[in-house]
Amino acid sequence: MAKKIKHKPGRPKKGQNQITRESVLDLAWDLIMEQGFAEFRLASLAENLGIRTPSLYNHIRDLEDVRREMKRRSLQILGDRLSLENLNPNQGRKRIPEFLNLYRSFAKSHPNMYPLTIESTESDLELKPLGDRILFLCMEVFGFQSLDETAVHRIRILRSLLHGFIVLEEAGGFGRTESIEDSFQKITESLESGRLW
């Protein structure tokens, strides 16, 4: 009688697609989008893939490797959304409201990934081009000719203002009945007119 061959951990079961680094990270993205990083566990990722946790290390280094890849993907998506191709090129500073609304919409549609995009990429050679792309798009929209001291301070003010609004909105911090959209519109008007500076 032939001996029954057991499925070895890390290999796809019969009828299961080949497991690759990309498929592992794709599933990690889906789980983190749904659960958030606080609830994400490598053991759960492995279980969803139908393999044991040690077999994950054939495809990823560790949890930080997963986190870094999620940051890379998030920066790529945000940069794509903010791309000048999505803004009306003939509107000049009128592109500012579009830019701000696209940024806010990304944060609202990716609440568990958005925090990764606000971390500095300055010291990461691989991720820096993705961070710089968003920075240069911002400079283009707001008409900053160079990244001088004045521009740096203004971009920091802009980021702080946007992030503060996004975090407060996500946390339910705007409890009064006045329109939240009207409040955001006033922010865009202040930035568009330059009065905030």
Side-chain angles (χ1 to χ4, degrees), residues 25-26 29-30 32-34 36-37 67-197:
L25 293 170
D26 285 347
W29 174 274
D30 292 340
I32 294 167
M33 281 284 288
E34 180 181 344
F37 272 105
R67 187 181 187 280
R68 192 168 183 278
E69 175 61 20
M70 298 303 102
K71 180 176 181 177
R72 186 193 68 76
R73 293 185 181 199
S74 298
L75 287 167
Q76 183 67 55
I77 293 171
L78 178 57
D80 289 345
R81 285 211 185 174
L82 297 177
S83 171
L84 296 181
E85 296 173 3
N86 294 325
L87 302 175
N88 190 330
N90 300 317
Q91 287 190 324
R93 291 183 67 84
K94 294 290 185 182
R95 293 182 299 184
I96 290 176
E98 290 182 79
F99 183 88
L100 298 178
N101 279 299
L102 286 169
Y103 188 98
R104 180 184 173 208
S105 72
F106 170 83
K108 293 177 77 169
S109 61
H110 296 74
N112 292 322
M113 299 298 181
Y114 164 71
L116 298 176
T117 66
I118 64 172
E119 299 173 355
S120 175
T121 60
E122 199 65 26
S123 60
D124 189 317
L125 293 179
E126 183 183 352
L127 297 182
K128 189 175 186 301
L130 295 172
D132 284 350
R133 178 191 182 200
I134 296 170
L135 172 64
F136 295 142
L137 284 169
C138 179
M139 291 175 62
E140 174 72 19
V141 168
F142 282 87
F144 301 149
Q145 299 302 313
S146 63
L147 195 60
D148 56 18
E149 184 176 351
T150 298
V152 169
H153 289 315
R154 289 183 175 182
I155 290 171
R156 286 177 178 171
I157 292 170
L158 167 63
R159 292 182 66 206
S160 299
L161 187 62
L162 262 180
H163 180 63
F165 191 97
I166 287 166
V167 169
L168 284 168
E169 183 178 22
E170 172 67 18
F174 300 132
R176 296 186 63 84
T177 58
E178 286 80 3
S179 169
I180 294 175
E181 296 305 319
D182 286 352
S183 296
F184 194 76
Q185 178 64 27
K186 291 183 182 300
I187 289 176
T188 62
E189 289 171 356
S190 296
L191 289 167
E192 189 178 359
S193 67
R195 292 197 307 269
L196 187 66
W197 313 127

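When reading the values below, keep in mind they use all heavy atoms of this one structure, side chains included, and skip hydrogens, waters and symmetry mates.
Among T188, L161, V141, the single residue meeting the side-chain contact (heavy atoms from CB on, under 4.5 Å) criterion with L100 is T188. Applying side-chain contact (heavy atoms from CB on, under 4.5 Å) to Y103 and the options L82, L158, L137 leaves one that passes, L82.
The CD1 atom of I155 sits 6.0 Å away from the CE atom of M139 when rounded to the nearest 0.5 Å. R81 contributes atom CZ, which lies 12.0 Å from atom CD1 of I134 (distance to the nearest 0.5 angstrom). Summarising the geometry, atom CD1 belonging to I96 is positioned 8.5 Å from atom OG belonging to S193; distances are rounded to the nearest 0.5 Å. Separation of atoms SG (C138) and CG (D132) is listed at 12.5 Å; rounding is to 0.5 Å. To the nearest 0.5 Å, atom CG of residue L116 and atom CD1 of residue I32 are 8.0 Å apart.
Looking at residues two or more places apart in sequence or on another chain, you find a ring pair (Phe, Tyr, Trp, His ring centres under 6.0 Å) between F165 and F174, F184. Shown here are the side chain to side chain donor-acceptor pair (under 3.5 Å) partners of Q145, two or more places apart in sequence or in another chain: there are none. Scored by the side chain to side chain donor-acceptor pair (under 3.5 Å) test, R133 finds D80 as partners (sequence neighbours excluded). For R73, the side chain to side chain donor-acceptor pair (under 3.5 Å) partners at least two apart in sequence or on another chain are E22, D26, E69. Remark: N101 engages no residue in a side chain to side chain donor-acceptor pair (under 3.5 Å) (not counting sequence neighbours).
Checking Q185 against E181 by side-chain atom types alone, no donor-acceptor pair falls below 3.5 Å.
Using a 4.5 Å cut-off on side-chain heavy atoms (C-beta onward), S183 and E178 make no contact. Contact annotation: the side chain of T121 never approaches that of E126 to less than 4.5 Å [non-hydrogen atoms, C-beta and beyond]. Contact annotation: the side chain of W29 approaches that of M33 to within less than 4.5 Å [non-hydrogen atoms, C-beta and beyond]. Counting only heavy atoms from C-beta outward, the side chains of H110 and F106 approach each other to under 4.5 Å. The shortest side-chain heavy-atom distance between K71 and L130 does not fall under the 4.5 Å cut-off. Put simply, the side chain of R68 reaches to within 4.5 Å of the side chain of D124, judged on heavy atoms. Using a 4.5 Å heavy-atom cutoff, the side chains of F144 and R154 are in contact.
The two residues P115 and P111 come nearest to each other via the heavy atoms CD-O, 3.3 Å. Nearest heavy-atom pair across S146 and A151 is O-CB, 3.3 Å. E122 and S120 make their closest contact through N-OG, 3.1 Å (heavy atoms, listed as atom of the first residue, atom of the second, distance). Residue R104 comes nearest to I166 through the heavy atom pair CA-CD1, 4.3 Å, listed as atom of the first residue, atom of the second, then distance. Looking at every heavy atom in both residues, T117 comes nearest to S74 through CG2-CB, 3.7 Å.
Residue pairs satisfying the side chain to side chain donor-acceptor pair (under 3.5 Å) criterion with at least one member in residues 155-165, sequence neighbours excluded, are listed as follows: Y114-H163.
Atom CD of E119 has more than 12 heavy atoms from other residues, nucleotides or ligands within 6.0 Å.
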